[in-house]
**Q** 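Pasting a structure below so you can have a look.
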Amino acid sequence: MNLPLLKTIKAEQLKLKRSPVWLAFFFLPIISAFFGTNNYLMNQGILQSEWYSLWSQHSLFLSYFFMPALVGTYCSYLWRLEHMRNNWNGFLTAPVPLGALYLGKLFHAAIMIIAGNTWIFLLYFLCGKLCKLEGGLPKEAMSWFLGGILGGMAVCCVQLFLSLLIRSFAVPIGIGLAGGIGGLMITNKGLGLFYPYSLYSMGMRANNPYRELEVGTFVSGCIVYIILFSLLSLWRLRRREL
């Protein structure tokens, strides 16, 4: 890892230290797991596929409601200090390239997605054991986990751009939540692979663990959105620098 990028990662780490945003990171997946597990227990007469049925309920609440809001909150917080007072001047005059400044934030967003998905699957496993389901996680769980990380990164890049563009802390969070809810409707129309907020839910096989995923198209779509919105963020930073 080059030195300028390492400096920006450490600087962002200091900003996030003792941040209240970690409370949302911890509690929102717990709330989602509670609702999903409760819904599964109340409908066991219909939901008879055990681990798969439990995942369908966990991922439904998580992917369309809780995770978009969590990603929106985290990305807004990453730009929050820059939007306060005259902090943009100090940020843009730091002796590191603009690319390193942006990648420092993207690095921490990626860590949040990986850690968040790990916490989500740990809760899923614990809830399954509390429901006295036999065996361990389904063999497809790793595919759901990795798909969620890649799709989540696409959403992170969109939200980082919106949070850079919009000074308000709350508005990008609202857009993320609305985008997640809209993703449910767009995915049901078969257009989820072309809508960034659907990529996380599709990667996680939200509400349908048996969904066939066109892996090549899914990965390509995620990469396109990651690159596109990263370039847009860098373009916006250069406009601020001028």
Side-chain angles (χ1 to χ4, degrees), residues 28-71 113-156 158 176-226:
L28 281 181
I30 292 178
I31 296 170
S32 175
F34 172 79
F35 281 119
T37 304
N38 188 57
N39 205 46
Y40 167 74
L41 291 173
M42 291 177 62
N43 295 279
Q44 282 185 295
I46 302 171
L47 304 171
Q48 298 181 346
S49 297
E50 297 194 332
W51 285 102
Y52 293 93
S53 293
L54 180 63
W55 180 247
S56 72
Q57 302 309 299
H58 269 232
S59 57
L60 173 63
F61 290 99
L62 175 79
S63 298
Y64 295 114
F65 301 99
F66 291 95
M67 199 61 177
L70 180 58
V71 171
I113 285 292
I114 294 170
N117 253 29
T118 302
W119 177 226
I120 286 161
F121 276 83
L122 177 60
L123 288 170
Y124 169 50
F125 176 76
L126 292 174
C127 289
K129 290 303 179 183
L130 288 173
C131 293
K132 299 181 180 179
L133 300 184
E134 296 181 358
L137 297 179
K139 62 181 183 299
E140 297 90 349
M142 182 55 71
S143 172
W144 305 339
F145 178 78
L146 295 175
I149 289 174
L150 189 56
M153 284 301 301
V155 177
C156 273
V158 175
L177 182 57
I181 296 170
L184 177 60
M185 296 180 286
I186 290 173
T187 301
N188 288 338
K189 292 181 180 294
L191 300 173
L193 290 171
F194 306 101
Y195 181 66
Y197 291 97
S198 294
L199 292 173
Y200 179 77
S201 60
M202 294 191 73
M204 296 280 273
R205 315 303 197 278
N207 200 35
N208 185 3
Y210 303 105
R211 176 187 288 143
E212 291 292 333
L213 186 66
E214 298 175 23
V215 176
T217 306
F218 171 75
V219 172
S220 299
C222 291
I223 291 173
V224 165
Y225 278 111
I226 290 170

**Q** For the atom pair OG1 (Thr217) and CZ (Phe194), what is the distance rounded to the nearest 0.5 Å?
**A** 7.0 Å
**Q** How close do Leu133 and Glu50 get, heavy atom to heavy atom, and via which atoms?
**A** CD1-C, 3.8 Å
**Q** Is it true that the side chains of His58 and Ser32 contain a donor and an acceptor less than 3.5 Å apart?
**A** no
**Q** Which heavy atom of Leu47 sits nearest to which heavy atom of Asn39, and what is that distance?
**A** CD1-O, 4.2 Å
**Q** Classify the angle between the aromatic ring planes of Tyr124 and Phe121 as parallel (below 30°), tilted (30 to 60°) or perpendicular (above 60°).
**A** perpendicular
**Q** What is the distance from atom CD1 of Ile113 to atom CD1 of Ile120, rounded to the nearest 0.5 Å?
**A** 8.0 Å
**Q** Distance from Gln44 atom CD to Leu54 atom CG, nearest 0.5 Å?
**A** 9.5 Å
**Q** Between Ile30 and Trp119, is there a side-chain heavy-atom distance shorter than 4.5 Å?
**A** yes
**Q** Does atom CD of Glu214 have more than 12 heavy-atom neighbours from other groups under 6.0 Å away?
**A** no
**Q** Quick one: closest heavy-atom pair of Trp51 and Glu134, and the distance?
**A** NE1-O, 2.7 Å
**Q** Evaluate the side-chain proximity of Cys131 to Leu41: yes if any heavy-atom separation is below 4.5 Å, no if none is.
**A** yes
**Q** How far does SG of Cys222 sit from CG of Leu150, to the nearest 0.5 angstrom?
**A** 4.0 Å
**Q** First locate atom CG of Leu213, then atom CZ of Arg205, and finally report the distance between them rounded to the nearest 0.5 Å.
**A** 4.5 Å
**Q** State, to 0.1 Å, how close Pro209 and Trp144 come at their nearest heavy-atom pair, and which atoms those are.
**A** CB-CZ2, 3.6 Å
**Q** Would you say Asn188's side chain and Leu184's backbone share a donor-acceptor pair under 3.5 angstrom?
**A** yes
**Q** Any side-chain to backbone donor/acceptor pair from Trp55 onto Met204? Under 3.5 Å, distance only.
**A** yes
**Q** Keeping Tyr197 on the side-chain end and Leu177 on the backbone end, is there a donor-acceptor pair under 3.5 Å?
**A** no
**Q** So which heavy atom on Phe218 is nearest to which on Leu199, and how close?
**A** CE1-O, 3.2 Å
**Q** Hey, does the side chain of Asn207 reach the backbone of Leu60 with a donor-acceptor pair shorter than 3.5 angstrom?
**A** no
**Q** Side chains of Phe65 and Ile31: does their closest heavy-atom pair fall under 4.5 Å?
**A** no
**Q** Nearest 0.5 angstrom please: Phe61 CZ to Ser56 OG, how far?
**A** 10.0 Å
**Q** Look at the aromatic rings of Tyr210 and Tyr52 and report parallel, tilted or perpendicular, splitting at 30° and 60°.
**A** parallel
**Q** Could you tell me whether a side-chain N or O of Tyr195 sits under 3.5 Å from a main-chain N or O of Gly179, the two making a donor and an acceptor?
**A** yes
**Q** How close do Tyr64 and Ala206 get, heavy atom to heavy atom, and via which atoms?
**A** CE1-CB, 3.9 Å
**Q** Does the side chain of Tyr40 reach to within under 4.5 Å of the side chain of Ser53, using non-hydrogen atoms?
**A** yes
